Asker: 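Following this message is one structure expressed as structure tokens.
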Amino acid sequence: MLSDQELVRRAELKELIEKGFNPYPAEEFIVSHSSKEIHENHEVFIENKQTVSIAGRIMAKRIMGKAAFALLQDSAGKIQIYISKDSIKEFQDESIFEDIFKKLTSLGDIVGVEGYVFKTKTGETSIHVSKFQILSKTLKPIPIPKEKDGKVFDVFSDLELRYRMRYLDMIVHPHVKDVFIKRTQLVNSIRNFLNNKGYLEVETPILQPIHGGAAARPFKTHHNALDTTLYLRIANELYLKRLIVGGFDGVYEFSKDFRNEGMSRFHNPEFTQVELYVAYKDYLWMMNLVEEMVEKIALDLHRTTQVQVGNNIIDFKRPWKRFTMYEAIQAFTGHDISELDETGVRKVARQLKIETDDTMDRGRLIDEIFGEYVEPKLIQPTFILDYPLEMSPLAKKHRSKPGLVERFEVICNGKEICNAYSELNDPIDQRERFLEQLKLKERGDEEAMELDEDFLRALEYGMPPTAGLGVGIDRLTMIMTNQHSIQDVLFFPHMKPEPSNNPFQGLLISPEYQELLLKAGFLNSSMIMNQSPSEIYEKLKEHQPDISLEFISAWFD
RNA sequence: GAUUCCGUAGCUCAGCCGGUAGAGCAUUUGCCUUUUAAGCAAAGGGUCAUGGGUUCGAAUCCCAUCGGAAUCACCA
């Protein structure tokens, strides 16, 4: 069903065609200036009565009989146009104003105009239009907010619709684009930084027969020709390390990774990391690189190391604070757990009112204490180093502290933004760590890592000592652009699939029974699949007594 | 998964101790040649998320379902 406004626009479209105007012309429209360029040079342009041509979307229309003002929005901003019977009659037929602009141009339509720059009585730089043309007719009304004295009216604020229809969101809220421009600048900043260091950007498989490199549940798919199971990668770590084995000194990849887990303002099923591996380096060296790189990102994006995030100002200026995990826990809880065994740590955890259970080993307990008492309090970028071995099956054992690995994370604004190790390159130790993971898997840990024989084989051929790093691009972008939710730094955040016009999609049910189902309160396929055939039978019987249970059961096949 | 809140016109929202569905913007028509939330005059537009219950009567009260948001939990 089309709304009255949609019907009106379709009628306008028809009339345009009947009058001989193509509402979607093929020819190039030559744009001479952007709205921004005109505003920036308005004094010169006005003095010279500079002729400009500009294209964009009509965002406001104010008609006063034989003259009118409209706001044109292009990718750079907005500019007012003035169009009247007199302003165009020298170059085009008067009817272009009377019929086309006044009657057949709607808010949201994309138009092209030509004219000279001038200033109105009220002092607004505008274009005095001599030629007007519709370049694309819109069929749906656009929820345009109004603005006066800094107050905004009728903001298009439905988050679901904004995320589902990001194109509409950005038309209506152009500033949304700024976040994404910053995101690309951030990626470019990292890429330039790593390229300047001489590291090679590479691509590795997204479809993997064994999902490795992280602890997470994967998305599973199937390759028909080979009749094998494949997984969307949860990380690319093990492939990049194979490249280090193969002889590259430094490789990195911007990697879309996929994790089949819950969603929140910090989690999207697909997200982006940059991973970097550098041969002959260790995690201490990597800390300096991270500091330098993130400081540079802040400078590239903001020309200062200080970034406003929520109520805090975060300063990325080097050097950042460094704590070992034990030091951090002692600093924030007063407990020194460095010498305690599992029982001792559990006792401390209980004192700190942390819920514990018997499946938690020492490493997990420490992580809980850290996550509860330390992480949320670290606002300024802070290195936490030397993690318990149990939680890091791919990290090298600490050179001097038994039970720990050479690993660091950077915590910023209460969240992890990167993770790095001196990479484990001892193939025998690595095999043992994988076997530990298998034991966890047998105990029901769905996120324990798989044993990857080919990766072990690669290590057996020898991997140089290597430092590795993973940086969460989405979370870093959230901090660098002061966004509260990961959905605000992804153009198209994951959403539940939109209900289609056929609510019973995926089920073989004829239209007459669909009607019956709707009448009985079954609105879509999931509501049907959640019920047993006999439950549905009982309900449908009330509306249509002669229906049979067998008939309904067939829908489930 | 838990708790709380929300779903009324294209957009933003009001109406909710039960009694004929409202406003502004948007849309349509008329007037208006420097307006800027333009103005003035008029008109059209709603299965009040869905299904059921209570009732003489439900947008309003109750139950269930669907969808969304926030916080928490999960995400080493």
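The chains referred to below are lettered A, B, ... by the order of the sequence lines, with proteins before strands, and numbering in each begins at 1. Note that the coordinates shown come from a computational prediction; the quantities given were computed from them, not determined experimentally.
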Asker: Do A:Tyr373 and A:Phe332 have ring centres separated by under 6.0 Å?
Answerer: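 No, the ring centres sit 6.0 Å or more apart.
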Asker: Side chain of A:Leu107 only, please: which of B:rC74, B:rU34, B:rA26 is the nearest?
Answerer: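 Shortest atom-to-atom distance from the side chain points to B:rA26.
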Asker: Would you classify A:Met449 as touching base, sugar-phosphate or nothing, given that sugar-phosphate means primed atoms plus P, OP1 and OP2, and contacts are heavy atoms under 4.0 Å?
Answerer: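 Base contact.
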Asker: Can you tell which of B:rG67, B:rU34, B:rC11 lies closest to the side chain of A:Pro143?
Answerer: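 Looking only at side-chain atoms, A:Pro143 lies closest to B:rC11.
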Asker: Mind checking the P distance from B:rU50 to B:rU60? Whole angstroms is fine.
Answerer: 11 Å
Asker: Consider side chain to side chain contact (heavy atoms under 4.5 Å, CB included). Of A:Ile58, A:Ile171, A:Leu107, which one does A:Ile144 pass it with?
Answerer: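 One option only clears the test, and that one is A:Leu107.
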Asker: Compare the minimum distances between each of B:rA69, B:rU35, B:rU33 and the side chain of A:Ser84, then state the nucleotide with the smallest one.
Answerer: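 Looking only at heavy atoms from C-beta outward on A:Ser84, the closest nucleotide is B:rU33.
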Asker: Thinking salt bridges, do A:Glu436 and A:Lys439 make one under a 4.0 Å N-O criterion?
Answerer: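 Between A:Lys439 and A:Glu436 there is a salt bridge, with a charged N closer than 4.0 Å to a carboxylate O.
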Asker: Would you measure the distance from the C1' atom in B:rU28 across to the matching atom in B:rA2 and give it in whole Å?
Answerer: 50 Å
Asker: Between A:Ser3 and B:rG10, is there a side-chain N or O to OP1/OP2 distance below 4.0 Å?
Answerer: no
Asker: Please report, rounded to the nearest Å, how far the P atom of B:rG39 is from the NZ atom of A:Lys66.
Answerer: 20 Å
Asker: What nucleic acid atoms does A:Glu12 come within less than 4.0 Å of, heavy atoms only: base, sugar-phosphate, or nothing?
Answerer: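 A:Glu12: backbone/sugar contact only, no base atoms under 4.0 Å.
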Asker: Tell me whether A:Glu406 is salt-bridged to A:Lys396, with the criterion being a basic N under 4.0 Å from an acidic carboxylate O.
Answerer: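 No salt bridge links A:Glu406 with A:Lys396.
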Asker: Would you kindly give the CD-to-P distance between A:Glu160 and B:rA70, to the nearest whole Å?
Answerer: 12 Å
Asker: For A:Ile354 and B:rC74, give me the distance from atom CD1 to atom P, rounded to whole Å.
Answerer: 11 Å
Asker: With P as the reference atom in both, quote the distance from B:rC11 to B:rU47 in angstrom, rounded to an integer.
Answerer: 13 Å
Asker: For the side chain of A:Lys85, starting at C-beta, report the closest nucleotide among B:rG10, B:rU33, B:rU12.
Answerer: B:rU33
Asker: When all nucleic acid strands are considered with a 4.0 Å heavy-atom cut-off, which category describes A:Ser157: base, sugar-phosphate, or nothing?
Answerer: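 Answer is sugar-phosphate: A:Ser157 comes under 4.0 Å of backbone atoms only.
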Asker: Take A:Leu394 and A:Gln430 through the test side-chain contact (heavy atoms from CB on, under 4.5 Å) and record every step on the way to the result.
Answerer: CA-CA 7 Å; A:Leu394 300 169; A:Gln430 182 67 79; 3.6 Å; yes
Asker: Would the number of heavy atoms belonging to other residues, nucleotides or ligands and lying under 6.0 Å from NZ of A:Lys377 be above 12?
Answerer: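 Yes, the 6.0 Å shell around NZ holds more than 12 heavy atoms from other groups.
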Asker: Can a cation-pi geometry be assigned to A:Lys415 and A:Phe266, taking NZ or CZ under 6.0 Å from the six-membered ring centre and within 45° of the ring axis?
Answerer: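 Geometry flag: set, cation within 6.0 Å and 45°.
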Asker: Rounding to an integer number of Å, can you tell me how far A:Phe118 CZ sits from B:rU34 P?
Answerer: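 Distance, rounded to whole Å: 11 Å.
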Asker: Take atom C1' in B:rC17 and the same atom in B:rC62, then report the distance between them in whole Å.
Answerer: 15 Å
Asker: At 4.0 Å (heavy atoms only), tell me whether A:Asp86 reaches a base, stays on the sugar-phosphate, or touches nothing.
Answerer: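 Base: the residue A:Asp86, judged by heavy atoms under 4.0 Å, touches a nucleobase.
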Asker: How far does the P atom of B:rU12 sit from the matching atom of B:rC66, given to the nearest Å?
Answerer: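 Taking atom P in both B:rU12 and B:rC66, they lie 24 Å apart.
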Asker: For the pair A:Arg364 and A:Asp361, find out whether any cationic side-chain nitrogen is under 4.0 Å from an anionic carboxylate oxygen.
Answerer: no
Asker: Would you tabulate the pairs of protein nitrogen or oxygen atoms and nucleotide nitrogen or oxygen atoms of nucleotides 44-46 of chain B closer than 3.5 angstrom?
Answerer:
{"from": "B:rG44", "atom 1": "N2", "to": "A:Asp4", "atom 2": "OD2", "distance (Å)": "2.9"}

Asker: Hey, is the side chain of A:Gln80 pairing donor to acceptor with the base of B:rU35 inside 3.5 Å?
Answerer: yes
Asker: Could a donor-acceptor pair under 3.5 angstrom be found where the side chain of A:Thr120 meets the base of B:rU35?
Answerer: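 Donor-acceptor pair under 3.5 Å: yes.
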Asker: For A:Ser485 and A:Arg259, find the nucleotide of RNA chain B closest to each by heavy atoms; which residue's nucleotide sits nearer the 5' end?
Answerer: A:Ser485
Asker: Base, sugar-phosphate alone, or nothing: which one does A:Ile63 contact when heavy atoms must sit under 4.0 Å apart?
Answerer: base
Asker: Determine the contact category for A:Pro393: base if any of its heavy atoms lies under 4.0 Å from a base atom, sugar-phosphate if only primed atoms, P, OP1 or OP2 are that close, otherwise nothing.
Answerer: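 Base contact.
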Asker: Taking the side chain as everything from C-beta on, heavy atoms only, tell me whether A:Val405 gets closer than 4.5 Å to A:Tyr421.
Answerer: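 SC-SC contact between A:Val405 and A:Tyr421 ruled out.
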Asker: Give the dot-bracket line for RNA chain B from 5' end to 3' end: parentheses for intra-strand Watson-Crick or G-U pairs under 3.5 Å, square brackets for crossings, | for inter-strand pairing, dots for unpaired.
Answerer: (((((((..((((.....[..)))).(((((.......))))).....(((((..]....))))))))))))....
Asker: Given the structure, check if the side chain of A:Tyr82 and the base of B:rU33 hold any donor-acceptor pair shorter than 3.5 Å.
Answerer: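 By the distance-only test, yes, there is a pair.
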Asker: Which nucleotide wins on minimum distance to the side chain of A:Lys121, given the candidates B:rA69, B:rU34, B:rU33?
Answerer: B:rU34
Asker: Just to be sure I understand the rule, does A:Phe370 reach a base, reach only the sugar-phosphate, or reach nothing, if contact means heavy atoms closer than 4.0 Å?
Answerer: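 The residue A:Phe370 makes no contact with any strand.
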Asker: Taking the nucleotide of RNA chain B with the nearest heavy atom to each, does A:Pro141 or A:Lys61 sit closer to the 5' end?
Answerer: A:Pro141
Asker: Pick the C1' atom in B:rA26 and in B:rU34, then give their distance to the nearest Å.
Answerer: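 Those two atoms are separated by 24 Å.
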Asker: Ignoring backbone atoms, establish whether A:Arg62 has a side-chain N or O less than 4.0 Å from OP1 or OP2 of B:rU35.
Answerer: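 Negative; the distance criterion is not met.
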Asker: Just the rounded figure in Å: distance from P of B:rG10 to CE of A:Met165.
Answerer: 13 Å
Asker: When you measure from the side chain of A:Asn419 to the backbone of A:Val471, do you find a donor-acceptor pair of N or O atoms at a distance under 3.5 Å?
Answerer: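 Absent.
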Asker: What is the separation between atom CD1 on A:Ile127 and atom C1' on B:rU35, rounded to the nearest whole Å?
Answerer: 16 Å
Asker: Is the phosphate of B:rU71 approached by A:His484 (side-chain N or O, under 4.0 Å from OP1 or OP2)?
Answerer: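 Checking B:rU71 against A:His484, a side-chain N or O does come within under 4.0 Å of OP1 or OP2.
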Asker: Does A:Phe101 have A:Lys61 sitting over its ring (NZ/CZ under 6.0 Å from centre, angle to axis within 45°)?
Answerer: yes
Asker: Does atom CD (A:Glu43) have a neighbourhood of more than 12 heavy atoms from anything else shown, all under 6.0 Å?
Answerer: no
Asker: Using atom C1' of each nucleotide, how far apart are B:rU20 and B:rA59 to the nearest Å?
Answerer: 13 Å
Asker: Rounding to an integer number of Å, can you tell me how far A:Arg265 CZ sits from B:rA73 C1'?
Answerer: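 After rounding, the reported distance stands at 15 Å.
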Asker: Rounded to whole angstrom, note down the C1' distance from B:rC61 over to B:rC16.
Answerer: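 Roughly 10 Å separates the two C1' atoms.
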Asker: Closer than 3.5 angstrom, by distance alone: can the side chain of A:Ser106 be matched with the main-chain N or O of A:Asp109 as a donor-acceptor pair?
Answerer: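 Checking the backbone N and O of A:Asp109 against the side chain of A:Ser106, no donor-acceptor pair under 3.5 Å is found.
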Asker: What is the distance, rounded to the nearest whole Å, between atom CG of A:Leu71 and atom C1' of B:rA38?
Answerer: 12 Å
